[in-house]
Amino acid sequence: MMDPASNQAPIVITGGCGFIGCNLADRLATRGDHVSILDNLARAGVRENAQWLKSRHGDRITITVGDVRDPITVIDTVKHAKAVLHLAAQVAVTSSLDSPVDDFEINARGTLNVLEAVRLHNPGAPLLFASTNKVYGRLIGDDAITRMGQRYQPIDPGLAQGVSESAPLDLYSPYGCSKGAADQYVHDYGRVYGLKTAVLRMSCIYGPRQFGNEDQGWIAHFVLSALRGAPLTIYGDGCQVRDALYVADAADAWLAVLDRIDATRGRVFNLGGGPANAISLLELIDDIARLSGPVSHSFSDWRPGDQPWYVTDIGALANATGWQPRTSFADGLRGLHGWLAGRFAEQRSREALA
Ligand SMILES: NC(=O)c1ccc[n+]([C@@H]2O[C@H](COP(=O)([O-])OP(=O)(O)OC[C@H]3O[C@@H](n4cnc5c(N)ncnc54)[C@H](O)[C@@H]3O)[C@@H](O)[C@H]2O)c1
């Protein structure tokens, strides 16, 4: 039986074949960690990420195709882990509205399975959780924002640095509720059972290995639509603002929290690109047009729970760990565009040969 304290003990990543998870796995394996992934491959395209990881790291990464809803599989995966990074989730607000029970079972119950497995079988292992800015709900009303050119901005100058962890929770949509419940369970297991937990409430993460679609991963979805020449639907007026964080910087942040777990345990951190990397949907369309040519788009009604403005205050995380995002949005977008354009070109040449 492997001792979780041994150097050979793996860092477990649930959802490790997904976009953020596989970038984290790649980073950990590159620096010499063993990684054990639990993923049910539910997300379309992520099998490709699994193959990419295996081709780069061989036996340093093991992949168990299994479900966080199955407590036995979860126990088997985490009981010898050096640490657990819990990212597996149903990730789309739209799907949560269609199937709220499935969303709850995966996001809330699945997280409880991970917590219980750690509490009962490996209580010394640090556990980091991928939460979301959606736990803050709509955050500001129409009377608290103003339109400046192609973007909204808050009237309150106190929000110039973005939204901090002291913002009140306002769980909105089944996805917001299930992730919010999981977020609170993870935080509370740190308090009541003394587990080494930390919660990362992420804004919009983007970059290579993201299979974005209309329901989740909007930056990748916009770039892909431009490459395919497919028309885009903008829900709302396109002036809604998000701060975007390049995935390599997000992986740095996760590692910074993990590597300083004695200082970061019990904490909740907002994680995003911050005010310097805030962008509206219409501004993104202009940026993509400069890389790929014009993007045809039309407008439809706002989607439930959509925030007109959300920008992360990254101060708490920066103060606790020294972490800062290093990739400008312009560079990050070029990185994502280059990766998606390469895949698109390969796909086209395969189709031409078929
Ligand atoms: N991408 C973002 O901008 C963002 C923002 C905030 C929070 N998050 C959170 O970060 C995490 C990762 O997001 P992502 O963008 O990499 O999404 P993703 O869909 O690429 O990755 C999620 C992974 O979880 C797996 N999965 C789904 N259901 C599962 C189950 N029942 N059991 C085991 N595995 C399962 C999927 O197959 C997929 O590989 C999620 O928890 C998400 O809620 C992401």
Side-chain angles (χ1 to χ4, degrees), residues 12-26 36-53 63-71 73-74 77-78 84-96 99 101-114 117 128-136 173-183 186 199-213 215-221 242-247 249-251 253-254 269-273 277 307 310 312 332 336:
V12 164
I13 307 180
T14 72
C17 296
F19 159 52
I20 302 172
C22 81
N23 278 283
L24 266 173
D26 181 55
S36 165
I37 287 173
L38 175 64
D39 196 305
N40 70 352
L41 306 180
R43 176 79 186 243
V46 298
R47 196 173 284 274
E48 199 182 298
N49 289 341
Q51 284 158 356
W52 174 73
L53 286 173
I63 299 175
T64 303
V65 178
D67 201 302
V68 291
R69 286 170 288 188
D70 173 7
T73 305
V74 174
T77 312
V78 310
V84 180
L85 312 181
H86 177 41
L87 290 95
Q90 188 300 109
V91 293
V93 173
T94 43
S95 311
S96 81
S99 309
V101 175
D102 287 345
D103 175 80
F104 175 87
E105 289 291 335
I106 298 168
N107 292 355
R109 180 64 212 222
T111 299
L112 202 50
N113 287 342
V114 174
L128 272 49
F129 174 62
S131 185
T132 166
N133 62 7
K134 294 278 186 290
V135 299
Y136 297 122
S173 81
Y175 172 77
C177 289
S178 64
K179 292 293 283 191
D183 167 310
V186 172
V199 172
L200 292 156
R201 289 183 184 149
M202 295 187 285
S203 181
C204 165
I205 315 295
Y206 72 102
R209 315 220 67 82
Q210 182 170 33
F211 300 107
N213 57 40
D215 297 323
Q216 199 252 359
W218 61 283
I219 297 183
H221 169 61
R242 297 286 179 275
D243 63 317
L245 179 66
Y246 197 57
V247 68
D249 290 336
W254 276 74
F269 297 106
N270 289 349
L271 172 60
N277 294 298
Q307 295 151 320
Y310 184 92
T312 309
L336 173 62

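Start at 1 and go down the list; that is how both ligands and their atoms are numbered. The first residue in the sequence is number 1, and the count goes up from there.
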Backbone, side chain, both or neither: what part of [X] comes under 4.0 angstrom of ligand 1, heavy atoms only?
X	result
N133	neither
V68	both
Y175	side chain
V46	side chain

Students should be able to answer this: which protein heavy-atom is nearest to [atom], and at what distance?
atom	answer
atom 5 (C) of ligand 1	S203 O, 3.1 Å
atom 17 (O) of ligand 1	V91 CG1, 3.6 Å
atom 9 (C) of ligand 1	M202 CE, 3.8 Å
atom 21 (O) of ligand 1	G18 CA, 3.3 Å
atom 25 (C) of ligand 1	D39 OD1, 3.4 Å
atom 20 (O) of ligand 1	F19 N, 2.8 Å
atom 40 (C) of ligand 1	L87 O, 3.1 Å

Side-chain donor or acceptor of [X] paired with backbone N/O of [Y] under 3.5 Å:
X	Y	answer
Q216	W218	no
S131	V199	no
K179	A130	yes
S99	D102	no
N40	D67	no

Among A88, A89, G110, C22, closest by any non-hydrogen atom to atom 27 (C) of ligand 1: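 When every heavy atom of A88, A89, G110, C22 is considered, A89 comes closest to atom 27 (C) of ligand 1.
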
Option set N40, L24, D67, criterion heavy-atom distance to atom 28 (N) of ligand 1, minimum: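 Shortest heavy-atom distance from atom 28 (N) of ligand 1: N40.
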
Are any of the side-chain heavy atoms of [X] and [Y] separated by less than 4.5 Å?
X	Y	answer
W254	N23	no
C204	D243	no
R209	V247	no
N49	F211	yes
L245	S203	no

Option from I37, T64, V68 for which side-chain contact (heavy atoms from CB on, under 4.5 Å) with T14 holds: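 Output: one option passes, namely V68.
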
Among L271, V135, T132, N133, side-chain contact (heavy atoms from CB on, under 4.5 Å) partner for R201: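 Of the listed residues L271, V135, T132, N133, the side-chain contact (heavy atoms from CB on, under 4.5 Å) partner of R201 is V135.
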
Quick check: does [X] get an N/O under 3.5 Å from an N/O on ligand 1?
X	answer
I106	no
S131	no
I205	yes
R43	yes
Q216	yes

Atoms in ligand 1 with a heavy atom of [X] nearer than 4.0 Å:
X	result
C204	3 (O)
I20	1 (N), 10 (O), 13 (O), 16 (O), 44 (C)
G15	23 (C), 24 (O)
C17	39 (O)
L41	37 (O)
K179	40 (C), 41 (O), 42 (C), 43 (O)

Pairwise distance CG(D103) to OG1(T94) - rounded to 0.5 angstrom: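 So the CG of D103 and the OG1 of T94 are separated by 10.0 Å.
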
Between N277 and Y246: side-chain donor-acceptor atoms closer than 3.5 Å: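 No.
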
Greater than 12 external heavy atoms within 6.0 Å of F104's CZ: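 No, because the 6.0 Å sphere around CZ of F104 holds 12 heavy atoms or fewer from other groups.
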
Close approach of G66 to ligand 1, heavy atoms, under 4.0 angstrom: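 Checking ligand 1 against G66, which is what was asked, there is a heavy-atom contact under 4.0 Å.
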
Min heavy-atom dist G16 to ligand 1 below 4.0 Å: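 For ligand 1, residue contact (heavy atoms, under 4.0 Å) with G16 is absent.
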
